[in-house]
Each structure stands twice: as structure tokens, then as C-alpha cells.
**Q** 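This is the structure, below, for whatever I ask next.
Here is how names work: the chains are called A, B, and so on, in the same order as the sequence lines, proteins then strands, and each is numbered from 1.
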Amino acid sequence: MDKDQVAEVLTNIAVLLELKGENPFKTRAYVNAARTIETMSEPLAMVVSEQRLGEMKGIGEALQKKITELVTTGGLAYYEELKAATPPGLVAMLDIPGLGPKKIKALHDELGIETVELLEQACKDGKIAGLKGFGEKTQTNILEGIHRRRTYASRHLISDALPTAEPLLEALRLHPDVIRCSTAGSLRRHREVIGDIDLLASSKQPAEVIDYFTHQPGIFNVIAKGETKASVLLEGGIQADLRVVSDAEYPFALLYFTGSKEHNIVMRQRAIDRDLRLNEYGLFRSGAETRDPKLLVNCRTEEEIFEKLGLHYIPPELREDTGEVALAEKEPLPRLIEWTDLKGSLHNHSTWSDGHQQPADIARAMRELGLAYWGITDHSKSSFQANGLDAARVRQQLKEIRQINEDLAAEGSDFRLLTGAEVDILKDGRLDFEDDLLAELDVVIASIHQSFNQSEEETTSRLVGAARNPYVHILGHLTGRLLLEREPYKMDHRAVIDACAETGTWIELNASPLRFDMDWRWWPYARSKGVKCAINCDAHRFEHAGFLRLGAGIARKGWLTREDVVNTLPLDKLRSELGRKRAKMQ
DNA sequence: GCCGTTTTCGGCCCGACTGTTTTCAGTCG
């Protein structure tokens with residue numbers, strides 16, 4: 001078993017233990033161990049065989065044994081026993097809001113309820129309200145929760161959440177009682193997929209702000225409403241939570257609610273190590289009363305809180321507990337890329353294949369946006385579903401684009417289209433075009449669009465092979481995933497990144513909000529190997545140029561700076577970089 | 001289940017909200 005699989009088993013064990021009613025700290029030990037395994041940089045099998053598991057934080061004697069069993073035998077008796085003892089329907093019930101392990105256990109023990117369907121029926125029959133600890137309201141809420149889960153997905157693309165959050169935030173900004181406000185949570189951290197929208201405001205009149213918020217247009221219903229906090233369900237199916245705090249508390253609340261949870265635990269622990277206490281209300285010198293204002297360490301902004309804890313500032317995108325705190329202790333974090341650093345996108349489509357606009361119109365639109373260049377890289381012939389081009393049509397398109405560029409030059413414009421192709425990596429690893437054709441193109445992207453179900457070894461060797469081709473500049477959407485729709489195909493990131501490092505091949509950060517592929521979690525490794533990134537829109541329409549902004553946000557999560565991203569370069573420098581690999585490999 | 005210069009037991013981040021109770025447990029983030 002590899003580390004992802006081991007981490008998944010450990011996470012599942014934690015869920016099963018919760019349902020069993022085990023000590024919550026024992027449960028957490030499994031969650032922590034899963035995270036440690038997932039984020040370790042060495043191959044797990046090596047650490048196991050060298051018996052160095054115990055050196056890792058959070059892995060003691062018991063977990064060493066279990067992980068070793070998983071890695072060496074591919075299974076774990078303890079896990080199988082737990083699974084056998086827990087009806088799978090109970091796990092599904094955890095997804096219903098308001099139902100946690102204790103209530104689910106009670107439902108199972110008292111009424112023998114083992115599935116969501118049985119639970120729904122029991123609610124309708126009025127059997128739940130009579131149980132100790134349950135009531136009419138809980139029964140109704142469970143039914144509503146089951147219904148809502150069927151009607152709406154509970155996870156949302158950031159591209160759906162951002163435009164939903166913006167009007168709410170704007171409304172808060174305009175309210176006279178609101179002093180400061182911001183998004184928080186996973187949205188502020190710019191996660192690719194979010195659960196709900198977190199908003200934070202400071203005010204002297206919290207109840208009024210809460211009331212104002214719950215009466216905004218676009219609210220389907222109000223889930224909860226208190227003095228300082230409200231949750232609403234928006235018409236698009238996304239939940240939004242608002243918390244209102246005093247302005248003195250605001251920076252602490254913003255830090256706390258931006259998270260992530262794991263990052264917060266590290267920060268709190270750091271405060272404790274300095275004889276301080278950090279929570280959403282403040283940073284306090286140690287004392288019996290944790291919210292005693294006399295013990296408060298004054299901070300007006302998040303920046304000041306980091307400073308008081310002996311840290312350089314950590315941008316929200318990096319607050320994921322992937323080593324940011326340890327580094328911020330030693331030195332300023334890298335200056336992350338800004339979306340305005342981007343000069344164009346190298347991977348885009350036109351009506352020649354499955355795009356919606358013609359090259360001349362695209363050139364005009366992208367020039368007006370203030371970009372410097374735009375690659376036209378239509379599909380190759382094997383992508384027949386996308387109207388892929390054969391060699392003859394590619395050469396025809398080359399002529400058209402050259403003419404457009406000549407016209408641009410005649411008008412005195414510096415904007416240029418780049419010629420290119422998104423060439424398919426075929427099932428057997430060959431490319432869909434011959435090298436002599438690829439050599440005629442400004443920019444070549446190689447991507448997988450077929451045979452998604454091959455083994456990890458086969459897919460990896462297709463990608464490594466493509467990287468070894470001297471004419472391929474970029475590997476496109478590395479894993480083929482479609483967020484919330486399609487799983488990535490199996491491939492070995494490390495091996496592919498290493499091959500790119502060796503050959504001078506760039507890796508795409510496909511900025512389509514359905515893809516964001518390669519995943520941000522792999523960019524620090526790629527960066528450490530000197531592999532460059534191209535943030536590409538994979539645009540099929542004008543509007544997709546806006547993906548540059550979203551893509552830059554994901555690149556920031558991957559710790560990327562302007563220097564790591566090739567399409568921050570001006571056109572002449574980009575052209576010389578595009579020539580570098582071809583020169584090196586000939 | 002993990003951890004430890006206050007170390008082999010007794011902690012483990014912590015507060016708001018809801019619904020059920022009648023002082024609090026469970027859930028959530």
C-alpha cells in the first residue's frame with residue numbers, strides 16, 4: 001500500500017472509532033497519523049523497511065505496527081474487524097447536519113437504525129422525537145437535512161462560491177455599523193473546492209448586522225441565527241456563515257476563522273509555548289480567565305499577531321499546515337505570484353477545434369484585456385470528439401495566425417498570438433503528431449485525453465515519454481481530474497516531475513476551475529526540482545481569460561513566485577525560453 | 001492512541017449555537 005492508501009485507511013478507522021463512541025483523543029491520534037503519512041516527503045515503504053516510522057511525530061508503538069502491517073501485507077486485521085462491526089449506513093449518516101457520532105450511536109442502539117433510508121422512515125413515523133436527547137425539532141431537522149443533501153451537493157467549486165460571496169461581502173461593506181469585514185475560511189485560503197462561505201465582520205452593533213445579513217436577497221432560508229453568528233442557505237445551494245465580533249477582536253477572529261484547522265492548532269500551540277493563549281478573541285498572557293482584557297496582547301491586524309508570535313506574515317493561501325509556520329519563524333515567506341504578473345495563457349482553443357471563437361477575434365479580445373500574448377493550441381486529430389486537427393489543418397492554421405500577427409504588427413501592436421497544439425499522448429505513449437510538425441509550432445502542450453483506466457505504471461510512462469520529447473514544452477492537465485465530477489487517473493507525480501526536471505519540460509497549472517491540475521499540493525516539490533509552471537486558461541471562450549486570476553490563487557497555494565511561472569515573462573523572453581529545451585536536446 | 005526537563009499518568013485547542021433540558025450534551029467549525 002502506498003501512503004495515500006494508508007492515510008485513507010487510518011482516516012476511515014478514525015470515523016469508525018467515532019461511531020463506536022471511542023475516546024475522541026484516540027480518534028484524533030488516527031487523524032493526525034493519517035496526515036503525517038500523507039504529507040511525508042520520503043517513500044513510505046522505505047521508512048517502514050528501515051524501521052524509522054517511530055521517529056515521525058504522532059506515530060507511536062501501536063500505529064507503527066498497524067502501518068507496517070498495511071504497507072507489508074496490504075491489509076489490516078484491526079480495520080477489517082472494525083468495518084465488520086459497523087453498518088456502512090452509519091458512516092453515511094454522519095453527512096447529515098446535526099447528526100454526529102453520539103446521536104447516530106443512540107439511533108442505532110435504541111431503534112436499530114442502520115441506513116439513511118430507515119432513518120428517514122423513522123422520522124416520518126415520528127419515532128425519533130420520543131428518544132432521550134431527541135425532540136420534535138431534531139426530527140424535523142434530520143428530515144430536512146436528508147432532503148437538502150439530495151437536492152444540493154455539499155461541496156462547491158471556488159468559481160461558484162466567489163461570485164456568490166462577493167455581493168454578500170459588498171452588502172456588509174455598505175452597512176454603516178460594519179467597521180471591517182472579509183471572507184474567511186477555505187474561500188479566503190482559496191481552496192479549489194469549498195464547503196460553505198465564511199464571512200466575518202466587526203461592529204459595535206452585532207445583532208443589527210446579523211439581522212441585516214439574514215435579510216439579504218438570494219437567501220433561501222435561515223438555518224441558525226444568534227447574537228453574533230448566523231448561518232443561511234443561499235438559493236444556489238451554498239451555505240454562508242457570518243460571524244460578527246468587536247473591532248478589537250477582529251484580527252484574531254479573522255486569523256482563527258481563516259484557518260485551516262490544522263494551521264490553527266500549530267498556531268495555538270505556538271502561543272502556549274510562549275506562555276500565551278490564542279483564540280478567536282485575542283492573544284492573552286496566561287491567566288486563569290482566558291478572556292481577561294487586562295491580559296490581552298494588543299494587535300490591530302493579522303500582521304501584528306504573527307509578529308507577536310515571532311513569525312513573518314503568512315498569506316491566507318499558505319495557511320494549510322504544510323510547513324509555513326516553521327519557515328515563517330526563520331525567514332520571510334517567498335513573495336507569491338500575483339495574477340497581474342501574468343502576461344498571457346499558453347494553452348487555449350479556437351473554432352478550429354472545440355473553442356467558440358476564431359483566432360482573429362480572440363487576438364482582438366485578449367489584446368484589449370491588456371495581455372501580451374495568447375497561445376492557440378487546438379486539439380490533435382485523435383481527439384475527434386473535440387474536432388481535432390490533422391497535420392494539413394494545423395499548417396493551414398499556422399498561415400492564418402501568421403497573417404493575424406502581421407496585421408497586428410502593421411497596426412503597431414505588440415500583442416501576438418502564438419501558434420501551437422495540444423497534442424494527444426496516445427494509448428501507447430506515442431504523440432498524435434510527428435516531430436517535424438511539432439518543430440514548426442511556437443508552443444506544444446502534450447495531454448492525455450484517452451485510456452484513462454490504464455495502470456499507474458502505464459500512464460506514468462506515457463507522461464514521462466511525452467516529457468522526453470524535445471518538442472514538447474508543457475505537460476497539460478497532468479491528472480485529468482474534473483473536480484466534483486471525475487477522479488484523477490492514476491499516475492506517479494514524483495516520477496513525472498523528476499522527468500520534467502531532467503528534460504526542462506514545464507508543467508501546466510490548468511486554471512479551469514473544474515481542473516486546477518496539477519494539484520497545488522505538488523507544486524512545492526516541483527519547485528524544489530526547478531520545474532517551471534505555466535498557468536493556462538485552457539480557454540474555449542473569451543470569458544475563460546478570467547481563469548488566470550483563479551489559477552494564480554491556486555499557484556499561490558502551491559508556494560509559487562513570479563519567477564516560477566513562465567507566462568509572467570514578456571514575449572521576447574518567453575520565446576527564448578521556449579527555444580531552450582529544443583536547443584538543449586538536439 | 002500519543003506524549004513527556006512539571007515524564008509513565010493525565011492531559012490532549014476551544015467557544016458558540018441548538019435543542020433538549022432545567023443545567024447540559026452534542027455538534028460544528
**Q** Compute both the distance and the angle, then confirm whether A:K66 meets the cation-pi test with A:Y79: under 6.0 Å from the six-membered ring centre, within 45 degrees of the axis.
**A**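 No, A:K66 does not sit over the ring of A:Y79.
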**Q** Pick base, sugar-phosphate or nothing for A:P24, based on heavy-atom distances below 4.0 Å to the nucleic acid.
**A**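 No contact.
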**Q** Report the nucleotide, chosen from B:dG15, B:dC13, B:dG1, that has the shortest atom-to-atom distance to any side-chain atom of A:Y30.
**A**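 That would be B:dG1.
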**Q** Tell me whether the side-chain N/O atoms of A:S231 come closer than 4.0 Å to OP1 or OP2 in B:dC17.
**A**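 Checking B:dC17 against A:S231, no side-chain N or O comes under 4.0 Å of OP1 or OP2.
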**Q** Using the side-chain heavy atoms of A:L63, tell me which of these nucleotides is nearest: B:dC2, B:dC12, B:dG15.
**A**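 Within the option list, the nearest is B:dC2.
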**Q** Please determine whether a side-chain nitrogen or oxygen atom of A:T138 lies at a distance below 4.0 Å from atom OP1 or OP2 of B:dT18.
**A**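 The answer is no; no side-chain N or O of A:T138 sits under 4.0 Å from OP1 or OP2.
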**Q** Between C1' on B:dG1 and CD1 on A:I67, what's the gap in Å once rounded to a whole number?
**A**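 After rounding, the reported distance stands at 11 Å.
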**Q** The side chain of A:K137 lies closest to which of these nucleotides: B:dG19, B:dC13, B:dG29?
**A**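 That would be B:dG19.
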**Q** In whole Å, measure the gap between the C1' atoms of B:dT18 and B:dT23 for me.
**A**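 These two C1' atoms come out 15 Å apart once rounded.
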**Q** Nearest of B:dT27, B:dG1, B:dC13 to any side-chain atom of A:Y78?
**A**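 Shortest atom-to-atom distance from the side chain points to B:dG1.
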**Q** Suppose we call a contact any N or O donor and acceptor under 3.5 Å apart; does that hold for the side chain of A:N32 and the base of B:dG1?
**A**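 Per atom types, no contact qualifies.
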**Q** Identify which nucleotide among B:dA16, B:dC13, B:dG1 has an atom closest to any side-chain atom of A:N23, counting heavy atoms from C-beta outward.
**A**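 So the nucleotide nearest the side chain must be B:dG1.
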**Q** Taking the C1' atom of each, how far is B:dC9 from B:dG15, in whole Å?
**A**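 Those two atoms are separated by 28 Å.
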**Q** Give none if B:dA25 has no partner; otherwise give the nucleotide forming a Watson-Crick or G-U wobble pair with it, both distances under 3.5 Å.
**A**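 WC or wobble partner is B:dT18.
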**Q** Can you tell me whether the side chain of A:Y256 and the base of B:dG29 have a donor-acceptor pair closer than 3.5 Å?
**A**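 A donor-acceptor contact between them is present.
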**Q** Contact class for A:F257 (heavy atom, under 4.0 Å): base, sugar-phosphate, or nothing?
**A**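 Since no nucleic acid heavy atom lies under 4.0 Å of A:F257, the category is nothing.
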**Q** Where the side chain of A:A29 is defined as all heavy atoms beyond and including C-beta, which of B:dC2, B:dT18, B:dG19 is the nearest nucleotide?
**A**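 The listed nucleotide nearest to A:A29's side chain is B:dC2.
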**Q** Would A:R556 and A:E317 pass as an ion pair if we require N to O under 4.0 Å?
**A**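 Salt bridge present between A:R556 and A:E317.
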**Q** Under the side-chain contact (heavy atoms from CB on, under 4.5 Å) test against A:L254, which residue among A:R188, A:E280, A:R243 passes?
**A**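 Filter result, single survivor: A:R188.
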**Q** With the side chain of A:K102 defined as its heavy atoms from C-beta on, choose the nearest nucleotide among B:dG19, B:dC13, B:dT27.
**A**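 For the A:K102 side chain, the nearest candidate turns out to be B:dT27.
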**Q** Please check if the side chain of A:T322 supplies one atom and the backbone of A:L318 the other of a donor-acceptor pair under 3.5 Å.
**A**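 Checked: no pair found.
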**Q** Is the phosphate of B:dG29 approached by A:K229 (side-chain N or O, under 4.0 Å from OP1 or OP2)?
**A**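 Checking A:K229 against B:dG29: no side-chain N or O falls below 4.0 Å of OP1 or OP2.
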**Q** From the options B:dT18, B:dC2, B:dC13, select the nucleotide whose nearest atom is closest to the side chain of A:A62.
**A**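 It is B:dC2.
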**Q** Measure from the side chain of A:F25, starting at C-beta and using heavy atoms only, and say which of B:dG1, B:dG15, B:dG26 lies closest.
**A**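 Of B:dG1, B:dG15, B:dG26, B:dG1 is nearest to the side chain of A:F25.
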